[in-house]
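Every chain is numbered from 1 and lettered A, B, ... according to where its sequence line falls, protein lines coming before strand lines.
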Amino acid sequence: MPDKILSPNTDLVAPPEQRAAVAHAAAPASAAPPAVTPAGVALPSHAPVPAGVGTPVDDAVLADGAVLADDATPPPGDTGAGGQVRRRRHDLLAAAGPLLRRPGFILAGLFVVFVIVSGLAPSLFTSYNPSTTSPTDKLKGPSVHHLFGTDELGRDLFSRVLHGSTLTIKATGGAVLIAIIAGLTIGVVAGFFGGWVDSLLMRLVDILLAIPALLMALVIVTALGFGLLPIAIAVGTTITPTFARTTRAEVLRVKEQPYVEAARTGGASWGRVLVRHILPNSWGPVSVLAVLDFGTAVLVISSLSFLGFGTPPPAAEWGTLISNGRNFLVTSPWLSLLPGLFVGLVVFSLNHIARTFEEVQR
Amino acid sequence: MPRYLAGRVAQALLVLWAAYTVTFIILNILPSDPITLQLSAGGADVSQLTAVQVHDLKAHYGLDDPVVVQYFHHLWAALHLDFGMSLTQNVSVGSLITDKLPSTILLSAVAVVIMLVLGTSVAFLATYVQWRPARMLLARLPAVGVSLPQFFVGLLLIQVFSFSLTWLPATGTHGWRSLVLPAITLALPGSAMLAQLLTRSLSDTWREPYIVTARAKGLSRWTIQVRHALRNASLPALTLLGVVVAYTVVNSVVVEVVFTRNGIGQLAQQAVLGQDVPVVQAIVLIAATLFVAVSLLVDLLYSLLDPRVARAGRAA
């Protein structure tokens with residue numbers, strides 16, 4: 001086995017094999033858990049992506065899913081080497097099992113999928129135009145025709161909520177994307193280089209963490225002005241520090257793993273080790289955090305638009321809808337309460353999904 | 001202990017300075033032209049002004065100095081609790097804040113009490129009750145509390161208790177009756193977080209060997225829960241409590257807007273809407289001070305309750 005690690009064409013060999021070899025060498029004989037299947041199992045499912053051809057990024061993305069999945073099964077204390085060996089599709093299915101046995105998770109997942117699909121294509125679920133007014137139908141309560149009732153101009157509220165999803169999803173996605181990119185970069189740089197770079201970046205993160213998120217968002221919105229993009233940037237910035245922290249901790253942990261040392265010994269450059277070994281294996285906890293932060297982001301974004309810092313009318317995010325409905329709370333409570341409940345359900349579902357991931361990974 | 005104390009205080013002051021600096025940078029460097037921003041915030045139409053007028057105005061607000069000079073000028077003034085003039089309302093920021101701070105502090109204080117009582121009792125019952133459905137319900141409840149947006153909770157409470165039952169006023173700042181609903185709304189997410197953490201650490205504590213010893217001695221579940229489990233489990237919760245208390249003041253932005261209460265939160269919303277930079281800067285400083293002060297207090301309390309912490313700090 002060891003000669004494989006040192007063989008000149010390491011760079012052309014798929015990392016799983018390499019890790020399998022390392023794992024095998026590290027865990028002698030029967031001590032290896034069932035997770036350490038020989039590379040033979042790993043290869044066929046990996047075959048469609050020839051290692052030498054696939055760009056490093058492709059591979060990282062592919063590995064993401066697998067890492068997320070296969071952390072579920074290995075026994076505790078073996079997250080390093082053993083976990084990496086079982087691979088790809090086979091394991092994705094195996095890991096999906098415990099998830100699919102949770103009805104709560106399925107419900108939450110379906111709801112989130114519904115919200116995303118309806119946000120991308122609202123016309124699939126409602127035939128009403130969100131801005132068509134109809135004076136005769138104004139302030140009607142929820143009914144079969146108007147699921148969420150109608151507002152003060154007779155516009156269908158359900159349609160307005162679904163069209164609002166588009167904006168809120170855009171802002172949330174943007175915010176989380178900013179946080180992931182910035183957080184990963186800061187975390188990886190800090191964890192990978194260490195030393196004064198690490199201290200400097202982490203002190204910066206500490207400061208950002210000392211300012212409460214909503215307040216920081218308010219400061220950024222004051223500076224940038226109102227609208228979807230400023231809100232996304234503001235919220236993205238406020239959730240970046242936790243990403244950076246988690247990523248750094250993971251990078252520090254993975255950096256010391258034997259397979260990183262093996263890859264280095266095998267002649268891989270630091271850049272390659274970073275992209276193909278450290279990043280994919282640090283991803284697990286970071287991805288849980290990402291799902292959790294989707295919930296937080298939705299909450300803060302709708303709070304900000306509730307406060308009036310969102311897109312100007314007639315477009316309406318969830319928060320804006322709720323804030324408008326406030327004026328009619330006495331006579332038509334559904335105008336603010338139903339969208340509010342909708343937002344609550346979205347956040348609850350996202351949190352539930354994140355928690356389930358976390359439990360399954362443990 | 002004195003050295004630990006001094007170290008923590010110095011650290012707190014450093015964080016405070018950093019927070020001020022970061023907000024100053026964001027507020028003064030990010031926008032393309034702070035002068036236009038600030039002048040139009042005051043209601044002036046910049047295009048109508050002559051170059052001389054603009055120059056005079058800049059000089060008036062001290063905006064023609066280099067940013068670094070401005071920074072030290074503002075920092076020095078802030079150290080003397082002088083936050084300058086509001087750009088949208090023709091009063092000093094200091095007087096605006098002293099006007100509105102008391103009602104927000106009162107609201108937060110009541111909310112913190114509710115938070116403590118609610119959070120602790122849910123966690124206490126979730127680990128004490130033995131009837132499984134109730135246990136499950138109590139353990140799951142906080143997850144809902146964390147997810148509900150505060151404006152939704154506030155509006156729901158107004159709808160139920162003000163409009164349907166007409167027990168409590170929906171809006172206003174005066175009298176204890178107007179305090180009840182906002183305080184509950186403000187307390188809810190915090191108490192849910194507290195309950196989650198405390199439930200977990202309580203159930204961990206129940207597995208400790210000293211609990212087995214206590215059981216073997218013949219103590220009742222109640223006595224164990226109150227005398228042994230709760231005391232040991234509440235230490236980790238203390239840290240969270242510090243964070244949650246500090247967040248209460250910030251979350252008052254949403255709650256005060258929902259209940260149209262006159263306070264710092266509403267002032268913050270108006271300041272951001274009017275892009276009133278000095279007010280925003282002052283509010284951030286106040287909130288950060290509170291945040292830092294509370295976490296300092298928690299750390300000190302922690303080292304009193306668990307002397308190992310201070311000793312570890314000294315050793316380091």
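- Looking only at heavy-atom pairs under 4.5 Å with chain A, the residue among B:Val292, B:Val153, B:Val258 that has the most is B:Val258.
- Two residues are said to be in side-chain contact when any heavy atoms from C-beta on lie closer than 4.5 Å; B:Val15 and A:Asp206 fail this criterion.
- The salt bridge (Lys or Arg N to Asp or Glu O under 4.0 Å) search around A:Arg355 returns none, not counting sequence neighbours.
- If you run side chain to side chain contact (heavy atoms under 4.5 Å, CB included) between B:Phe152 and each of A:Val343, A:Leu341, A:Ile322, A:Val347, only A:Leu341 comes through.
- Ranking A:Asn351, A:Leu337, A:Leu350, A:Ile207 against chain B, the residue ahead of the rest is A:Leu337, based on heavy-atom pairs under 4.5 Å.
- Within the 4.5 Å cutoff, the side chain of B:Ile26 has heavy atoms near those of the A:Met216 side chain.
- In this structure, the side chains of A:Ser323 and B:Phe151 stay at 4.5 Å or more apart for every pair of heavy atoms.
- Within the 4.5 Å cutoff, the side chain of B:Leu14 has no heavy atoms near those of the A:Arg203 side chain.
- The stretch residues 168-179 of chain A places none of its residues near chain B, where near means some heavy atom under 4.5 Å from a heavy atom of that chain.
- For A:Phe306, the part lying under 4.5 angstrom from a heavy atom of chain B is the side chain only.
- For the pair B:Val280/A:Leu218, no side-chain contact is recorded, criterion being any heavy-atom separation below 4.5 Å from C-beta on.
- When the salt bridge (Lys or Arg N to Asp or Glu O under 4.0 Å) test is applied to A:Asp198, the partners found at least two apart in sequence or on another chain are A:Arg248.
- Pairs of residues two or more places apart, or lying in two chains, that qualify as ring-ring contact (aromatic ring centres under 6.0 Å, His included) and include a residue from residues 252-299 of chain B are B:Tyr247-B:Phe291.
- In terms of heavy-atom pairs under 4.5 angstrom with chain A, the leader among B:Thr23, B:Leu16, B:Leu148, B:Thr21 is B:Thr23.
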